[in-house]
Amino acid sequence: MAAYDFQSIEKKWQQYWADKSSFKATVDNKKPKFYALDMFPYPSGAGLHVGHPLGYIASDIVCRFKRTKGYNVLHPMGFDAFGLPAEQYAIQTGQHPAITTQENIARYKEQLKNIGFSFDWSKEVQTCDPNYYKWTQWIFIQLFNSWYDHEANKARDIDELIAHFEKNGNAGLNAACDEDVVGFDANEWKSFSEIQQHEMLLKYRLTYLSETTVNWCPELGTVLSNDEVKDGYSERGGFPVVRKQMSQWSMRITAYAERLLEGLDSIDWPDPLKEMQRNWIGKSIGAEMTLKIDGYEDTITVFTTRIDTVYGLTFMVLAPELDIIQKITTSEQKEAVETYIEVAKNKSERDRMTHVKKVSGVFTGAYAIHPFSGEKLPIWAADYVLAGYGTGAVMAVPGGDQRDYDFAKHFDLPILPIYEGMDITEEANPTKEGMIINPGILEGLTYEEATNKAISFLEEKGIGSKKINYRIRDAIFARQRYWGEPVPIYFKEGIPYPVADEDLPIVLPEVDKYLPTADGDPPLARAENFTYTPKGSNESYPIEQSTMPGWAGSSWYWYRYMDASNENAFVSDEARDYWKDVDLYIGGTEHATGHLLYSRFWNKFLCDRGYANEEEPFKKLVNQGMIQGRSNFVYRKKGTNEFVSLNLKDQFETSPMHVDVGLVDNDVLDTDSFKAWRPDLKDAEFILEDGKYICDYEVEKMSKSKYNVVNPDDIIERYGADTLRMYEMFLGPLEQFKPWNTHGIDGVYKFLRKFWRLFHENEEAFSVSEESPNKDEQKIIHRTIKKVEEDINSLSLNTSVSTLMIAVNELTALKCNKREVLEKLVITLSPFAPHMAEELWQLLGHSEGVSKASYPAYDESYLTESTHEYPISINGKVRAKIAFAIDMSNEDIESQVLAHEAVMKWTEGKPPKKVIIVPKRIINVVL
RNA sequence: GCGGAUGUGGCGAAAUUGGUAGACGCACUAGACUUAGGAUCUAGCGCCGCGAGGCAUGGGGGUUCGAGUCCCUCCAUCCGCACCA
């Protein structure tokens, strides 16, 4: 075997792993399980760039390590294959999205395979595969057939709800349901027609149809979820988004708000991510209070977190969308109110946000009665109050709340102080300090006393109570799109019914075009005979025409990997009981309030209904940072074809231009390649410095248009997959964002060749010595084994690469080629550079792959020092180093005596005033 | 505005969690070896200073024998949420 020929080595072992199915994971109750999951990619047309595999490399290292530690490892990969880009490409070209998707998947797989991952490809899933989405549809139906019982704090079968209705109506029920549900008894239930009963049940189902205000994006022709809208524009494409009323499928995720919040305490996730989910769920504890409207039967209910400030309440504000406004507006105010509401309604979300600072509102002419003081409170409508949060109405306390304060100032409404000594001349004061000064039942009380007393008052009067409010809203679960899972629902007399299990999947039908119809129906309306005939019926019924949103397929996929080809269940009980949950999940932070929240929701649901074992699906989660591009620039002299080197650019008038990073090495431009790059540059001239053209650089997102994309295939071709893997880890901490810089890869490449040379004499012949290692060599290898193990466990993979480098440097310096040392070293290397490790392992004479080897144990006795050289500082300053034969980490008397003797020797017998020995290393001597 | 994070050489970064700051790598400098390589090896490489020595972990202050690490404060950058009552 000659020099390190990574190309043939890597091909050979990738083939070997595939032939032997080395990483096929099967249930084995004798072994502990380890399930490592990567966020599966959406296969875009651009292919992978070097940033994509970062997290996969990290999880692969952990998996390969865990195998050597005796774990049965499940490490699967698949594709989140439904999505907008394929559909938009289809709209433009007429090409079926399934075809482009398959092409892209093939390319991704090829690229992934080149990196040498230990994926079990036999468990691959694709969310667009009917055998997969059959189960996405099945789960949808389970949700449809369930309701949430707050009493039992779990989801239950809808039949149990029907049984309850038949016995008691909806009395004595604490269930999650629509707000407009009214009470009925058993007789009333029985008197309902079938349609009425179904309509009522729909208000309780965990997936339900409702009239909702949605984020409608006219450009994309679809509805977007809140997290797909950024500042009033679609996250994808940046098109304007408007509010629109529509009948939509929704998921009752709000039923799980509290459990989603509580669950965060039990999982090992990064704090920022947990915080994001907490904010998204947005729990606030306060009180609900109902106020009478002067002269009307109707009432207004408000939610407040500061019931203690109720005596500072001087007016009421309603969201313009509330229907009650029309009813209570006086005739004098009618015109003003209607104008205001009209304007507010037509304001897009976007406009509403841009004008945040601008105070606007209108008086309705009506008054509410203050429940504590009996005073009359003017009722206003204003768009600073959101219809979607709380009750859409607020009690305005301008003394304590800045928004109310601004509003009161603008419209000249009274502002009252609440606590003693409160300064409200310039702005509101949200203090909770001091005693309440307003006359009434709360006078003289502190914040806590007042809060409790006010709530008891509300409860006594039956006009309010303590209340917990959540910001999270039910998730809209439908898109007016083609390329997604069909919703397994058909309509009979306008009532939705689930498709029978045995008729799943409802396969995505063919259509002539992937656009909405002329009258605005979703693309599926174009399909011919898209109907469903229930068993035993002669009639066909129309199937729901919207498709599921992008997050549907990814909300349960980790279960499918456990048992990917099961045709009878989404996962077998056996596989699920064994693999249970994900031990390590690696992925980006961008899914914080989308995929990661929905997955937890579905998992809790599946758990409630007995289809999952664990309450939380992802025990430990790590966010890998993105690898950014490092773009290069040249400076063109304005109006010419002359380019000025970086440090001379200020002498001319220039404009920067992106240049392909492939034409640049260490910021030096290859001017010949540059001229050949594009036809318009063939006559380019250069103003050089020191005979070179130096480019500027900037760190940006990797993208084609910035010419900064680095393809892993190119790196593998030049340096090999092992080098790529190690370099990506060496780049810095996994969680951090960092720019890709191909230049530094040499260091890792050199390391691997050095590693190879340890096993080869004269760079050529394989040769290891059978001699036993000496103490220094033992020390090196045991220290390395320990450090690498610790680093992998804590995912400090950048330092473990350094550790291996140091070991190789030291062993090279010692010219150590002893088998006992090198065998252990190969195993510690194998998670990082598996191909080379396999090759060397084979050369060492092993017939089984290195993944079957077990990770070496380290021997502490080689690591504890018997002789140390420790600094001694005298009068606070380090004077010299002194060696003595003790371990200063022990605090025993003997050590101290020895240390003292050493000090005496060093201070030439002068007895020091004070000798300080701390339980570590440094001794401070005060003379 | 609220919440979270991060600040260490020319660059990516280490620092056994309070104990010799800058390991390891890149870049750079000088040299060696050569069948001239995208090869290998040796030495140097935070700043000031000829030197002894002094100064250095965003700035300032504090606790401690000792602080990159703990506390207070200010500054900068990034991310998330944003009229949430």
Side-chain angles (χ1 to χ4, degrees), chain A residues 3 231 270-280 282-284 286 302-306 309 317 319 352-353 355-359 382-386 388-397 400-404 406-407 430 469-472 589-590 592-593 665-667 697 718-719 726-727 730-733 735-751 753-754 757 763 786-787 790 796 798-809 812 863 869-878 881 888-889 914-926:
Chain A
D231 297 331
D271 286 330
L273 193 72
K274 287 189 187 181
E275 204 50 37
M276 272 195 243
Q277 291 208 343
R278 283 195 192 100
N279 288 339
W280 192 259
K283 177 180 185 175
S284 43
V302 295
F303 172 75
T304 177
T305 52
R306 291 297 303 277
T309 66
V317 190
R352 222 158 137 162
M353 292 213 243
H355 301 120
V356 162
K357 296 281 168 271
K358 213 167 145 194
V359 178
D383 69 1
Y384 83 89
V385 175
L386 304 175
Y389 182 77
T391 58
V394 300
M395 58 172 233
V397 182
D401 183 286
Q402 193 57 43
R403 293 154 301 166
D404 298 343
D406 294 340
F407 194 82
N469 203 33
Y470 298 92
R471 197 180 72 102
I472 193 171
T589 180
E590 66 272 18
T593 52
D665 182 30
N666 202 17
D667 291 338
Y697 77 90
R718 168 74 188 84
Y719 296 98
M726 289 197 94
Y727 184 55
F730 186 68
L731 228 38
E735 306 80 16
Q736 220 154 81
F737 281 62
K738 55 226 156 191
W740 175 266
N741 186 358
T742 304
H743 214 215
I745 204 169
D746 272 344
V748 172
Y749 185 53
K750 271 188 217 166
F751 155 76
R753 280 180 307 184
K754 237 173 172 173
R757 279 203 299 275
E763 318 253 323
K786 183 180 183 195
K787 185 75 164 67
E790 284 170 356
S796 314
N798 54 330
T799 51
S800 47
V801 176
S802 292
T803 304
L804 287 164
M805 286 180 172
I806 295 168
V808 168
N809 285 346
T812 303
L863 302 177
E869 201 175 74
Y870 289 136
I872 288 191
S873 68
I874 297 176
N875 289 343
K877 285 177 183 173
V878 175
K881 289 177 178 179
M888 285 307 297
S889 58
K914 198 161 89 173
V915 179
I916 297 154
I917 303 171
V918 294
K920 283 283 163 67
R921 303 175 188 167
I922 305 269
I923 298 173
N924 192 40
V925 182
V926 181

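Proteins come first, then strands; the chains are lettered A, B, ... in the order of their sequence lines, and each starts at number 1.
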Given the C1' atoms of G12(B) and G31(B), what is the spacing between them in whole Å? 27 Å

Rounded to the nearest Å, what distance is computed from the CZ atom of residue Phe407(A) to the P atom of nucleotide C83(B)? 16 Å

Checking N1-N3 plus N6-O4 or O6-N4 for Watson-Crick, or N1-O2 and O6-N3 for wobble, each under 3.5 Å, the partner of G1(B) is C81(B)

The test is side-chain contact (heavy atoms from CB on, under 4.5 Å); show your working for Phe751(A) and Asn809(A) and say whether it passes. CA-CA 8 Å; Phe751(A) 155 76; Asn809(A) 285 346; over 6 Å; no

Between G37(B) atom C1' and Arg718(A) atom CZ, what is the distance in whole Å? 11 Å

Is it true that Glu275(A) and Arg278(A) make a salt bridge, defined as a side-chain N closer than 4.0 Å to a carboxylate O? yes

Most 5' of Lys787(A) and Asn469(A) on RNA chain B, judged by nearest nucleotide: Lys787(A)

Please report, rounded to the nearest Å, how far the C1' atom of A82(B) is from the CD atom of Glu275(A). 15 Å

Just by modelled atom types, is the Tyr389(A) backbone N or O under 3.5 Å from a matching donor or acceptor in the Arg471(A) side chain? no

Under a 3.5 Å limit on both distances, the Watson-Crick or wobble mate of U6(B) is A76(B)

When all nucleic acid strands are considered with a 4.0 Å heavy-atom cut-off, which category describes Pro733(A): base, sugar-phosphate, or nothing? sugar-phosphate

Verify, without hydrogens or angle tests, whether Asp404(A) (side chain) and Val397(A) (backbone) share a donor-acceptor contact under 3.5 angstrom. yes

Does Gln736(A) put a side-chain nitrogen or oxygen below 4.0 Å from OP1 or OP2 of A13(B)? yes

When the P atoms of G51(B) and A14(B) are compared, how many Å lie between them, rounded to an integer? 32 Å

Taking the C1' atom in each of U42(B) and G58(B), what is the distance between them to the nearest angstrom? 38 Å

The glycosidic conformation of U17(B), counting syn as within 90° of 0 and anti otherwise, is syn

Holding to ring-ring contact (aromatic ring centres under 6.0 Å, His included), I want the full list of residues that pass it with Tyr727(A), two or more places apart in sequence or in another chain. Trp740(A)

Derivation and outcome, side-chain contact (heavy atoms from CB on, under 4.5 Å), residues Ile745(A) and Arg718(A): CA-CA 11 Å; Ile745(A) 204 169; Arg718(A) 168 74 188 84; over 6 Å; no

For the pair Lys750(A) and Arg753(A), evaluate side-chain contact (heavy atoms from CB on, under 4.5 Å) and give the outcome as yes or no after the intermediate values. CA-CA 5 Å; Lys750(A) 271 188 217 166; Arg753(A) 280 180 307 184; 3.6 Å; yes

Would you mind reading off the distance between Lys274(A) atom NZ and A5(B) atom P, rounded to a whole angstrom? 13 Å

Using whole Å, report how far CZ of Arg306(A) lies from C1' of A85(B). 11 Å

Complementary nucleotide for G31(B) - Watson-Crick or wobble, under 3.5 Å: C41(B)

Within this structure, what is the CG-to-P distance between Asn279(A) and C81(B), rounded to whole angstrom? 9 Å

Looking only at atom C1', what distance separates U8(B) and A85(B), rounded to whole Å? 45 Å

U20(B) and G68(B): how far apart are their P atoms, nearest whole angstrom? 10 Å

Atom-pair distance (NZ on Lys283(A); P on G3(B)), nearest Å: 19 Å

The contact string for nucleotides 22-28 of chain B, one letter per nucleotide 5' to 3', using protein heavy atoms under 4.0 Å with B, S and - for base, sugar-phosphate only and none, comes out as -BBSSS-

Please confirm whether the backbone N or O of Thr812(A) pairs with a side-chain atom of Arg757(A), one donor and one acceptor, at under 3.5 Å? no

Taking CG from Leu273(A) and P from C79(B), how many angstroms apart are they, rounded to a whole number? 17 Å

Considering only the P atoms, how many Å lie between A15(B) and A82(B), rounded to the nearest integer? 36 Å

Identify, between Arg753(A) and Ser284(A), the residue whose nearest nucleotide on RNA chain B lies closer to the 5' end. Arg753(A)

Indicate yes or no for a side-chain donor-acceptor contact from Lys738(A) to the backbone of Pro733(A) under 3.5 Å, with no hydrogens or angles considered. yes

Please confirm whether the shortest side-chain N or O distance from Arg757(A) to OP1 or OP2 of C41(B) is below 4.0 Å. yes

Between G66(B) and G59(B), how far is it from one C1' atom to the other, in whole Å? 22 Å

In G9(B), glycosidic geometry as syn within 90° of 0 or anti otherwise: syn

Compare side-chain N and O positions of Arg278(A) against OP1 and OP2 of G4(B) and report whether any pair is under 4.0 Å apart. no

Would you mind pulling out the nucleotide paired to G66(B), Watson-Crick or G-U wobble, both distances under 3.5 Å? none

For G18(B), the Watson-Crick or wobble counterpart (both distances under 3.5 Å): none

When the C1' atoms of C55(B) and U6(B) are compared, how many Å lie between them, rounded to an integer? 26 Å

